[in-house]
Number of protein chains: 2
Amino acid sequence: MDAEGLVRGLRSEGMRVTAARRAICAVLAAGHGEHLDATEIRRRAEQGSAINIDQSTIYRTIDVLERLGVLHHVHLGHGPAIVHLSAEINHQHLVCEHCGKTVDIPVDEVTEAFETLALRHSFASVHGSHFAIVGTCHECATS
Amino acid sequence: MDAEGLVRGLRSEGMRVTAARRAICAVLAAGHGEHLDATEIRRRAEQGSAINIDQSTIYRTIDVLERLGVLHHVHLGHGPAIVHLSAEINHQHLVCEHCGKTVDIPVDEVTEAFETLALRHSFASVHGSHFAIVGTCHECATS
DNA sequence: CTCGATGCAAAGGTTTTGCACCAGG
DNA sequence: CCTGGTGCAAAACCTTTGCATCGAG
């Protein structure tokens, strides 16, 4: 989804389209596949729009977009959460617990396992994308 | 592992066995399968030992036990981390993102999938137990 | 006696909230 | 206009750290 799509989503829900929100949407739309946290989103949004945007506005806007269903936040480790456009959550995150290296995994490598889990434990669905899957990468294991 | 086992582990590594640590180990050993966070550990440890234990001591002791490899902390959601004795981490956690309901899943339901992931993405190992797996439970889906 | 562990207090890092003002529709 | 969004400041929340003192070995 491009920035205009996000903006249209806001407007269609009766929410106001402000300069800050426009800047944030532009950053999100431009950050294809990147792992942006709130601080980085703010940095880029301020730079791209030349206006001052408070960190709380970033969080509030993320919150709104999440409620619209077009955005999700993901925890890769102990640091700040990163966000993904819903359209781009077609992958899981595999993270090395020692060095933090992150690998994007196509969903279809895990959907079968997750569907089995859902079935066995009476869950309607299991997507598992809110948290990373943790392991140890090759380099960290051999050093 | 019982409380004495934990205490012995400390001593064998040259670490000191104090009243606070004894109380914390007793709580951990007694909390079979429970999801204890630092605050609850403190509450029980103080109650069980009738001494004053600071929250930082809880965290420092968790840290020590984690370094000894007998304990791990796990994130089930946005709240505080919970801890598990290593001997009891034979399961994954499946959590409903709406109501927080948590189901313990035997590891063997996911090991195969995780081994495949490790193989494909050059990870030495994938245990995935540091974070919960998120989904939507039946009740939340139908309401 | 010595060094590790503790309590206390303060800070750190991320996220949330209260409030008065501003601006989109 | 009028309600919702914003910046600012402060708090909330979990966790970590500095420091003087205490106590295990």
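Computed from heavy atoms alone, side chains included, the values below leave out hydrogens, waters and symmetry copies. Every chain is numbered from 1, with letters handed out A, B, ... down the list of sequences. All figures in this text were calculated on a predicted structure; none of them were measured in a lab.
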For DNA chain D, what residues of [range] have any heavy atom nearer than 4.0 Å?
range	answer
residues 10-20 of chain B	B:R11, B:R16, B:V17
residues 33-66 of chain B	B:S56, B:Y59, B:R60
residues 69-81 of chain B	B:P80, B:A81

Salt bridge (Lys or Arg N to Asp or Glu O under 4.0 Å) partners for B:R16, two or more places apart: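 If we apply the salt bridge (Lys or Arg N to Asp or Glu O under 4.0 Å) test to B:R16, skipping adjacent residues, there are no hits.
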Partners meeting salt bridge (Lys or Arg N to Asp or Glu O under 4.0 Å) with B:E109 (sequence neighbours left out): A:R120
ring-ring contact (aromatic ring centres under 6.0 Å, His included) pairs, two or more places apart, involving residues 9-30 of chain A: none
Pairs flagged by ring-ring contact (aromatic ring centres under 6.0 Å, His included) wherever residues 36-63 of chain B is involved - sequence neighbours left out: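 Sorted result for residues 36-63 of chain B: empty, none.
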Qualifying salt bridge (charged side-chain N to carboxylate O under 4.0 Å, His left out) pairs, either residue in residues 51-60 of chain B, two or more places apart: none
side-chain hydrogen bond (donor to acceptor under 3.5 Å, both in side chains) partners of residues 23-39 of chain B, not counting sequence neighbours, each pair once: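 Qualifying pairs, neighbours excluded: B:H32-B:E88, B:E34-B:R44, B:H35-B:H93.
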Qualifying side-chain hydrogen bond (donor to acceptor under 3.5 Å, both in side chains) pairs with a residue from residues 128-141 of chain A, counting only residues at least two apart or across chains: A:K101-A:E139, A:H127-A:S129, A:H130-B:H78
Common cluster, A:V107/A:V74, ILVMFWY with side-chain heavy-atom separation under 4.5 Å: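 Shared cluster, no.
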Residues A:H72 and A:E66: side-chain donor-acceptor under 3.5 angstrom: no
A:R21 side-chain N/O to C:dG24 phosphate OP1/OP2 under 4.0 Å: no
Other residues, nucleotides, ligands: >12 heavy atoms within 6.0 Å of A:Q55 CD: yes
Going by atom type alone, with no hydrogens or angles, which donor-acceptor pairs under 3.5 Å involve a side-chain atom of residues 3-14 of chain B and a protein atom two or more places apart or on another chain?
| residue | atom | partner | partner atom | Å |
| --- | --- | --- | --- | --- |
| B:S12 | OG | B:R8 | O | 3.4 |
| B:S12 | OG | B:G9 | O | 2.9 |

Chain A footprint on DNA chain D, 5' to 3' - any atom under 4.0 Å from a heavy atom: D:dT3 to D:dC8
Check: B:H84 ring centre within less than 6.0 Å of B:H91 ring centre: yes
